Amino acid sequence: MITLEHYLILAAVLFCIGLWGALAKRSAIMVLMSIELMLNAVNINLVAFSRFLTPDALVGQVFAIFVIVVAAAEVAVGLAIVINIYRERQTSFVDEFDWLKW
Amino acid sequence: MNQLQMDFNLLTVEILMATLGLVVLVLGLLIPKNQSRGIAYFTTIGLVAILLYSVTMQWTKAEFLNGMYLIDPFSTLFKQIFLLTAILVSVGSYQFMEKYGHNQAEYYSLMVFATLGMMVMASAGDLITLYIGLELMTISLCVLTCFRLRDAKSSEAGIKYIILGAMSSAIMLYGLSLVYGMTRTTVIAEIAAAIALDGVSPLLLLGLVFLVAGFAFKISAVPFHIWAPDIYEGAPTPVTAFLAVASKAAGFAAMMRVLLIALPDLFVHWNVMIVGLTVLTVVLANLVAIPQTNIKRLLAFSGVGQAGYLLLGIVAFTQLGVGAVLFHTLFYVFANVAAFMVVIAFYNETGSDEIRDYTGLAVRSPLLAAVLLFSMLSMAGIPPLAGFVSKFYLFTAVIDQGYVWLALISVLMSMVSVYYYLIVAKVMYIGKPADDAKPIKVSSGLQIALILCLVMIFAFGIYPAPFTDLAMNVANTFFTP
């Protein structure tokens, strides 16, 4: 039997993997993907809470849909900036973005 | 289901903002490229009109969609703060954007949309609404940050902003999802009721930690401030001014709503975190500001320090505290935007942001030097300028709650801040300008805006009564449902 706890633990693990990736990866693309993982962990949380605690109200699922849409917009902007930087410097590694003191 | 409350008149300000943003965007496509200056004027006039309209709603207190969207004096005052900043920044952008020539309409329209996002944040009565407003603001500002396509520094600031902004949003969202799960609602008023009923659970506290960390990112409190100086330096200067003032104010508006209204029962828990953030922010920001050589980085760290002072108002958790935050934010708009407008005017003429190039500015342009001097002294809290009054209220608010040591640290660090502000003043007034230095021309629009800011800085300090009355009355209505 899969309970709410299982989903919450899955989400927590996914969130931690995402956070680690966002902090440790060199490529800007990988960082953006890791952030997606974090957001998807949030979605699992929201949908699981909605399903198990408030089966009648769909607030959590609506919240998840909003998160998915906004995340798509965010990544679109992020990738556009990565392309722009790549044209300037032929690199997409975050540790080479050091023109401004980090 | 009970009847939904949908009185769209309450949303007039937001609807007007969205319309203005779209109209500006479409105008940019219709108007020939060489006449795009009209778009800038149109945006400013539109923003002024919306600001004047918002005054008619000053004391309206109502709910939209059963508490999901709140129109109250608190949110209206914050909306006016955002509008004021947007107006001043749009005036400051005229020359700056003309130099870059391209896509002016997109620039102004994004600025309007960012302001709209902040308004939604300030008015949000629901966590989903709050998140949408936050992202509308962050994504618009992010595009603005890397608006100078050919400038690698601007693009670098943009990628840093989007990565850190998205990461902090994700962290905050995780907190929001836990709060939602533990209270089974996303409406702020109902969250407070649910916690009062069910008590505090460990998961809720975990959610609170994530939530505070996310907000600390948005208001750039130490140790979540690392993004601020880089992005402030790389972004086009008008955008920096907008980021430094409006986005920080929006973060505070949302943070106060969530912490003070939704989670008052967790006061003992979040209070510890906020006190820690305050001490770190006030001490570190002011010390790190001293060795800065770039004026935008200096102002960035001084802005981080100001966020620390504003946090004092949240620590106090009283009407006086909220009122002091409102008053400080209101004055901070004029002081900080004035400082950034001087930086813009100087950059337009010389192309430099380094403090050493400000040598002899008092000779080259007495107006610019005077505005920069007084806005900085005001931020440092020297009487009779505005910063003194607002800091006095903030410190009183925390001392009333027994945090004498906290007020003492803040006063000490305030004195440290005088030091680095005066270094700039010394360069401007005592240094001799280079022989080939020309006087700096300031356009008449910018001159009017600068003088307005200067007048307001003095007005807030010498005769603060009307402004403090406004802030305190708004704070009075904040806690009553």
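In what follows, chains are A, B, ... by sequence order, proteins preceding strands, each numbered from 1. The structure presented is a predicted model; accordingly, all values stated were derived computationally and were not measured. Just so it is clear, the values below take in all heavy atoms, side chains as well, and ignore hydrogens, waters and symmetry mates.
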Full working for side chain to side chain contact (heavy atoms under 4.5 Å, CB included) between A:F49 and B:M182 | CA-CA 9 Å; A:F49 279 133; B:M182 290 302 103; 3.9 Å; yes

Take A:V59 and B:I128 through the side chain to side chain contact (heavy atoms under 4.5 Å, CB included) test and state the conclusion after the steps.
-> CA-CA 9 Å; A:V59 180; B:I128 305 177; 4.2 Å; yes

Can A:S50 and B:Y180 be said to form a side chain to side chain contact (heavy atoms under 4.5 Å, CB included), step by step?
-> CA-CA 9 Å; A:S50 177; B:Y180 159 69; 3.7 Å; yes

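Checked against side chain to side chain donor-acceptor pair (under 3.5 Å), A:R87 has no partners two or more places apart in sequence or in another chain. Listed by chain and number, the residues in a side chain to side chain donor-acceptor pair (under 3.5 Å) with B:Y174 amount to none (sequence neighbours excluded).
The residue among A:V62, A:V67, A:L8 with the most heavy atom pairs within less than 4.5 Å of chain B is A:V67.
Side chain of A:R89 to backbone of B:A152: a donor-acceptor contact under 3.5 angstrom is found.
With contacts defined as side-chain heavy-atom distances shorter than 4.5 Å, the pair A:E74/B:S169 qualifies. Contact of the A:L23 side chain with the B:M167 side chain is registered, since non-hydrogen atoms from C-beta on lie closer than 4.5 Å.
Using a 4.5 Å cut-off between heavy atoms, A:V31 contacts chain B through its side chain alone, with no backbone atom that close. The contact between A:V94 and chain B is made entirely by side chain atoms (from C-beta outward), counting heavy-atom distances below 4.5 Å.
Counting non-hydrogen atoms of other residues, nucleotides and ligands closer than 6.0 Å to CZ of A:F66 gives a total of 12 or fewer.
Of all residues spanning residues 12-20 of chain A, those with a heavy atom less than 4.5 Å away from chain B's heavy atoms are A:A12, A:F15, A:L19, arranged by number. Listed in order of number, the residues of residues 37-47 of chain A that approach chain B to under 4.5 Å between heavy atoms are A:M38, A:L39, A:V42, A:N45, A:L46.
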